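Everything quoted here is computed from the prediction, not taken from an experiment. Numbered from 1 within each chain, the chains take letters A, B, ... in sequence-line order.
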Amino acid sequence: MSTTAVLPDGMAVIERGWLSSNNIVFDDGGAASVVDTGYMSHAAQTVELVRAALRGKPLTRIVNTHLHSDHVGGNAALQAAFGAQILIPPGLADAVVRWDEEALSYSPMGQTCARFRHDAVIAPGSTLKLGGLAWDVIAAPGHDTHMVALFNADRRILISADALWEDGFGAMLSLLEGDEGFDAERSTLAWMARLAPRLVIPGHGRPFVEVNAALDRAHRRVEALAASPDRNARHIAKVMVKFLLLDLRSLTVPELIDRLTPTRYLMTLQKTFFPDKTGAAVIEQAVTELLAAGAVVKHGDRIENGDL
Amino acid sequence: MSQPISRVAVPAAGVSPVPSPCINVCRMDPQSGLCEGCLRTIDEIVAWSRLSDAGRHAVWAEIARRRER
């Protein structure tokens with residue numbers, strides 16, 4: 001029996017993959033908006049996808065739930081193509097103005113992102129009109145300290161960004177910024193449960209309606225990771241390696257080590273969770289675990305993605 | 001094509017949920033008008049989230065045909 005979610009009129013969910021976030025295009029009547037814009041290396045395709053979803057309407061607003069490279073990578077290209085205004089959560093707005101890639105998490109992840117200028121902030125507690133509906137802007141820290149989610153109370157639709165997916169949530173990267181991580185995610189999930197959405201549109205993966213099951217899974221995952229800092233740290237290391245491979249497609253282990261060991265996140269992971277290992281050893285273990293899971297494969301001395 | 005073609009198995013008939021064909025390549029081939037990774041058109045990618053299971057299986061069948069070419 002199909003559990004495919006039925007989406008309301010006036011919004012198009014463009015389901016992407018893991019390197020690019022989903023893009024949600026809203027019909028605002030005379031104009032249109034998009035929430036989250038994917039990764040920089042996919043920007044040309046994102047522009048074409050959004051253009052098709054616009055059906056001739058002008059894109060006047062780009063809204064970002066948080067500033068990770070997979071959610072804002074298309075901002076510059078979309079703004080150049082359509083002249084849209086960019087609205088971001090307030091927490092790192094200063095870093096966007098300075099384009100501080102260290103504070104924005106791009107350098108710490110070994111990634112990059114096309115620079116953009118924002119035009120306004122969407123603060124938690126405010127309301128945003130998108131697609132003819134009123135969306136409450138809700139703080140959703142955990143994966144990212146400054147992330148927001150959007151909730152429409154009439155239709156009970158939650159745009160959950162990376163706080164809640166159908167199976168899991170984004171890695172606890174906020175821990176590497178010295179922030180609360182698990183307590184924040186617990187509180188975000190509890191808040192989302194209280195909202196009792198009927199439909200969740202996550203930052204990655206398909207929209208879903210079996211919300212309680214997803215919340216249960218997420219809750220159990222928080223507790224399992226919180227109970228095992230070592231497992232959580234190894235997961236973050238794997239996410240860093242996997243994202244680099246999604247972007248660059250094929251790397252040797254020495255290349256992975258060269259790119260990731262100087263990053264602030266890898267150094268923080270190593271110092272905090274693997275003090276008896278070198279950064280290189282942390283990456284080697286991540287590669288071993290990813291190979292064992294089939295998430296990556298080895299061809300000669302190159303590590304590549306597992307689904308090609 | 002310069003990108004390797006996905007070997008992701010076409011889901012068997014009747015499987016639900018139907019997995020997304022996206023393999024994170026996300027680059028359009030201007031000659032074919034298809035994404036180099038998932039072999040879908042722009043319109044097919046945009047329409048995916050509104051398709052029924054039957055519609056999604058039909059897209060996968062089309063992807064399989066395109067792989068053969």
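In this structure, B:N24 and A:N305 have side chains that are not in contact, with every pair of non-hydrogen atoms separated by 4.5 Å or more.
In this structure, CD1 in A:I14 is found 12.0 Å from SG in B:C22, a value given to the nearest 0.5 Å. Here the straight-line distance linking atom SG of B:C35 with atom NE2 of A:H42 works out to 8.0 Å at 0.5 Å rounding.
Of all the heavy atoms in A:R16 and B:S20, the pair that sits closest is O-OG, 4.4 Å. The shortest non-hydrogen separation linking A:R249 to B:V25 is NH2-CG2, 3.5 Å.
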Exercise for review: Please step through side chain to side chain contact (heavy atoms under 4.5 Å, CB included) for the pair B:I42 and A:Q45, ending with a clear verdict.
Suggested key: CA-CA 8 Å; B:I42 287 287; A:Q45 191 191 64; 4.2 Å; yes
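The number of heavy-atom neighbours closer than 6.0 Å to CZ of A:R302, taken from other residues, nucleotides and ligands shown, is above 12.
Of the listed residues (A:V13, A:L7, A:V6), just one forms a side-chain contact (heavy atoms from CB on, under 4.5 Å) with B:R50, and that residue is A:L7.
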